[in-house]
Structures are given as structure tokens and as C-alpha cells.
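Read the structure below first, then the notes.
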Amino acid sequence: MLASGVNTLVQTGLTLAATGPTAGALVTAAYIVVPAICGGWAIRVAGRSQGRFDARTRVGLAVAGLAALVTWAGFLVGPVLLIAAAVAPARFLEASPTEWLADR
């Protein structure tokens with residue numbers, strides 16, 4: 001999702017360099033800012049947590065996933081993964097893959 005925001009920023013910058021600033025660029029700013037914030041926040045959450053999400057973080061993941069989905073960020077995979085992490089049971093998020101497979 002972060003890469004989608006950066007990609008849109010580069011494309012918008014190149015277009016504005018050729019055409020000059022327009023009012024339409026303000027609309028495009030939402031397609032830059034929303035994915036950048038959602039992607040950056042998701043990376044931060046993934047880096048600091050070890051699969052343990054409190055209710056507030058889960059709601060934030062769901063909101064970020066929906067906002068990214070609305071702005072077409074992350075090629076649908078990123079937003080869907082955020083929403084899945086928000087609703088997944090804690091037992092799936094806390095155990096490492098090898099621990100989870102060993103229990104089966």
C-alpha cells in the first residue's frame with residue numbers, strides 16, 4: 001500500500017511537471033496520502049507487535065484496510081490482508097507457522 005502511494009506520487013509529479021498545477025491534483029492527493037498513511041501504519045504495527053493485537057489495533061487495521069480498498073491501494077491483496085488480520089482469531093496470529101503446523 002505504501003508503494004501504491006509512492007507510485008501515484010511519482011506519476012502525479014511527472015504529469016504536473018508537464019501540465020502545470022490543476023485543481024484535479026487535489027483529488028489525486030487523497031490517492032497519495034491515504035495509501036501512504038495506511039501502509040506506513042501497517043508496517044509499524046507489524047514491526048512492533050508479535051501477533052498480539054488489542055481491540056483498538058484490530059479496529060485500526062480494519063479501517064486502514066477499508067480505506068486502502070476504497071483508494072485502490074495495494075492491488076487488493078494488502079487491504080484484504082489487513083482486514084483478515086483484524087478479524088482473525090488470536091490463536092492464528094500469536095503462534096509461529098511451525099508451532100501452528102505442529103499442533104495439527
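Since the structure is predicted, the reported quantities are computational estimates derived from the model, not experimental observations.
- Closest approach of A67 and C38 over heavy atoms only: CB-SG, 4.0 Å.
- Residues passing the side chain to side chain contact (heavy atoms under 4.5 Å, CB included) test with A73, sequence neighbours excluded: M1, S4, P35, A68, T71.
- Considering only residues two or more places apart in sequence or on other chains, T57 meets the side-chain hydrogen bond (donor to acceptor under 3.5 Å, both in side chains) condition with D54.
- Closest of all the heavy-atom pairs between A36 and L2 is O-CD1, 3.6 Å.
- Pairs passing the side-chain hydrogen bond (donor to acceptor under 3.5 Å, both in side chains) check and including a residue from residues 11-33, sequence neighbours excluded, read N7-Q11.
- In this structure, V45 is a member of the same hydrophobic cluster as L82, with clusters built from ILVMFWY side-chain heavy atoms closer than 4.5 Å.
- In this structure, L16 shares a hydrophobic cluster with no other residue, the cluster being traced through Ile, Leu, Val, Met, Phe, Trp and Tyr side chains under 4.5 angstrom apart.
- Clustering of Ile, Leu, Val, Met, Phe, Trp and Tyr by side-chain heavy atoms under 4.5 Å joins I83 with L66.
- Summarising the hydrophobic clusters (Ile, Leu, Val, Met, Phe, Trp, Tyr; side-chain heavy atoms under 4.5 Å, direct or chained), the residues clustered with L69 are W72, L76.
- Remark: the backbone N or O of I43 is not paired with any side-chain donor or acceptor of R48 at under 3.5 angstrom.
- Residues W41 and F53 fall within the same hydrophobic cluster, defined by Ile, Leu, Val, Met, Phe, Trp and Tyr side chains chained together at heavy-atom separations under 4.5 Å.
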